[in-house]
2 protein chains.
Amino acid sequence: MSSAKKALELLSYFSISRPEIGLSQLCRIAKRDKATTYRHLQSLENAGFIEQNALTKQYRLGPAVMQLAQIREATVPRKEGARHALTALADATGETAHATVLSGQTLYGLCECESPRHAIRAVIDLNTFPLHATASGLCALAFGPEDLLCVAAQDLERFTANTPTDTDGLTSLVDAARATGIGRAYKSYAEETYGLSAPVFDQTGQFAGAVAVASVATRFTPKLEQTILAELIIAAREITRNWGGVIPAHVEAAWALSVKKSNAMEPAS
Amino acid sequence: MSSAKKALELLSYFSISRPEIGLSQLCRIAKRDKATTYRHLQSLENAGFIEQNALTKQYRLGPAVMQLAQIREATVPRKEGARHALTALADATGETAHATVLSGQTLYGLCECESPRHAIRAVIDLNTFPLHATASGLCALAFGPEDLLCVAAQDLERFTANTPTDTDGLTSLVDAARATGIGRAYKSYAEETYGLSAPVFDQTGQFAGAVAVASVATRFTPKLEQTILAELIIAAREITRNWGGVIPAHVEAAWALSVKKSNAMEPAS
DNA sequence: AAACAACGGTTCGTTATATGAACCACCAAC
DNA sequence: GTTGGTGGTTCATATAACGAACCGTTGTTT
């Protein structure tokens, strides 16, 4: 593994829930040598990617990332293009909505929007999304580049009893997503959550990411599913438009079938 | 130079004005070998820091920087703490306002806010700020850690005829900043701009950054200076409060003198 | 259409650079 | 004063970074 990659990987250990990390602690987390880790941290600090809390000596993300994010968003305004649709989605469903972006073979969390309706709700710690266990991931496998499925099949980490851990289980979920235009993760990532997701496309015509709703499994009803489904499709259309893409015809067709079926099961809301 | 540092440095060549860069182009800019640069780009791409435009093969910043920025801002909400004061500052002065953050020995642009009042106005390409040639930089030298001045004196790059290029010239500007509580860059960075800046402090009690106004030199009048001065101080106080700091007494005293002197020169606005 | 130049990407022998066990100095708890 | 935890440093070793030269493609020029 290249030294640059190792240094960059250190950044991925910072998160909202763990925003400051000490040297020794980071060595444990990353399972790396202290001297090496220290040198990497120095490189990162020099470049402004991290800085040291003067009081605690712990490291935290630095100001350089703010600049880069601003340049990125000015170049490819993904977040801006998703914001409105996400808040509307969270508002209409009363659940937590979020969007993801595919880059290379990794699905990254873009932003999250919680609804205040329920005290118990899913919170998304924005991170990379496992392709096989999340609704957004299944969307990526179903509608993204084909080689993604091979990559995902290599690492079928088990998160819950429902996580698909063999290729057959995974492909059946992906096929279902293709057929319905919707990715579904029923307790496959976290024990209590039910995720539904719809694909989003960009100006290259390719799959660019997904928009998703994470709901608490215990309050999931056919009625709620019907609402989420309808709103998800609206959001996916809006974000796709903002990202300069168009929904492929076969996806629109799959959605139409899904909605029809959903309405049939729970008629006249 | 470490490989990690070299890879990270590549990211700094992306900017709002040059958001996408091809391999060969980047090699020229960074004055690096093509094979090496390519490998570095691959590392960066793997980590999600850059991605390739599928059509043009050019590289641009990737989604990972968005996540990191979100974590950084959740950890240390610098931007949020500066936003309101900056818009108010731009609004009150009719000029472009911006804020900078010191991390290590580098002064980073945080955010910029333009006023629509004039068609001709300064635009800040958020980047690292040269300590010797910008108003914010002079603030950092005047109120930041002492070793900063030694570092800055090592690299006195000339930008204009007014750029201080010897230690004496620089120290006199820094001394002036200390005496007035205000950093001044009169055509020392760009030929047409006049920058005024005030220091901002954080909860450690240290200098944390600066807030600044970049004005067009040709429309600069004592009257405008008086306005900028007053508003700058208000903004610096507000941002300092939001960042959890307090303005040191000697800085407040210097400001009081500056305002008094400025009022005396242009009485009864 | 042939020649050219510029592009992104790859190869391979050389050599510089990353590595990590062992090492400080420091601090807090007991 | 011992113990266990920090953040930070050293130096011989070995690994991975390096770059000249290479390939295949593309789009422009003659």
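Every chain is numbered from 1, with letters handed out A, B, ... down the list of sequences. This one's a predicted model, so the numbers in the text were calculated from it and none came from an experiment.
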With a 4.0 Å limit, can you tell me whether [X] has a side-chain N or O closer than that to the phosphate oxygens OP1/OP2 of [N]?
X	N	result
Lys6(B)	dC18(D)	yes
Ser2(A)	dA16(D)	no
His40(B)	dA17(D)	no

Nearest-nucleotide 5' precedence on DNA chain D, Ala4(A) against Thr56(A): Thr56(A)

More than 12 heavy atoms of other residues, nucleotides or ligands under 6.0 Å from CZ of Arg83(A): is that the case? no

Heavy atoms from other residues, nucleotides or ligands near OH of Tyr189(B) exceed 12 (cutoff 6.0 Å): no

Taking the six-membered ring for Trp, is the centroid-to-centroid distance between His132(A) and Phe159(A) below 6.0 Å? yes

For Phe129(B) and His98(B), I'd like to know if the aromatic rings sit close, meaning centre-to-centre distance below 6.0 Å. yes

Residues Arg72(B) and Glu51(A) bridged, charged N to O under 4.0 Å: yes

Could you check Arg60(B) against Thr75(A) for side chain to side chain donor-acceptor pair (under 3.5 Å), going step by step and ending with a plain yes or no? CA-CA 8 Å; Arg60(B) 64 177 178 222; Thr75(A) 314; over 6 Å; no

Starting at [atom1] of [X] and ending at [atom2] of [N], how long is that distance when rounded to a whole Å?
X	N	atom1	atom2	result
Leu26(A)	dT6(D)	CG	P	12 Å
Tyr59(A)	dG7(D)	OH	C1'	7 Å
Ile21(A)	dG5(D)	CD1	C1'	18 Å

Could you walk me through whether Glu20(B) and Asn53(B) pass the side chain to side chain donor-acceptor pair (under 3.5 Å) check? CA-CA 8 Å; Glu20(B) 295 204 343; Asn53(B) 184 327; 3.2 Å; yes

Report each atom pair, protein N/O against N/O of nucleotides 9-13 of chain D, whose distance is under 3.5 angstrom.
{"residue": "dT9(D)", "atom": "OP2", "partner": "Tyr38(A)", "partner atom": "OH", "Å": "3.0"}

Sub-4.5 Å side-chain heavy-atom contact between [X] and [Y]:
X	Y	result
Thr171(A)	Leu149(A)	yes
Asp155(A)	Pro130(A)	no
Arg32(B)	Lys6(B)	yes

Axis deviation across the helix from dA1(C)-dT30(D) to dA22(C)-dT9(D), five-pair ends, to the nearest 10°: 40°

In this structure, which one of Leu107(A), Thr106(A), Leu131(A) forms a side chain to side chain contact (heavy atoms under 4.5 Å, CB included) with Leu148(A)? Leu131(A)

Contact span of DNA chain C against chain B, any nucleotide atom under 4.0 Å from a heavy atom, 5' to 3', runs dC7(C) to dA18(C)

Remember a base hit wins even if backbone is also touched, and classify Gln52(A) as base, sugar-phosphate or nothing at under 4.0 Å, heavy atoms. sugar-phosphate

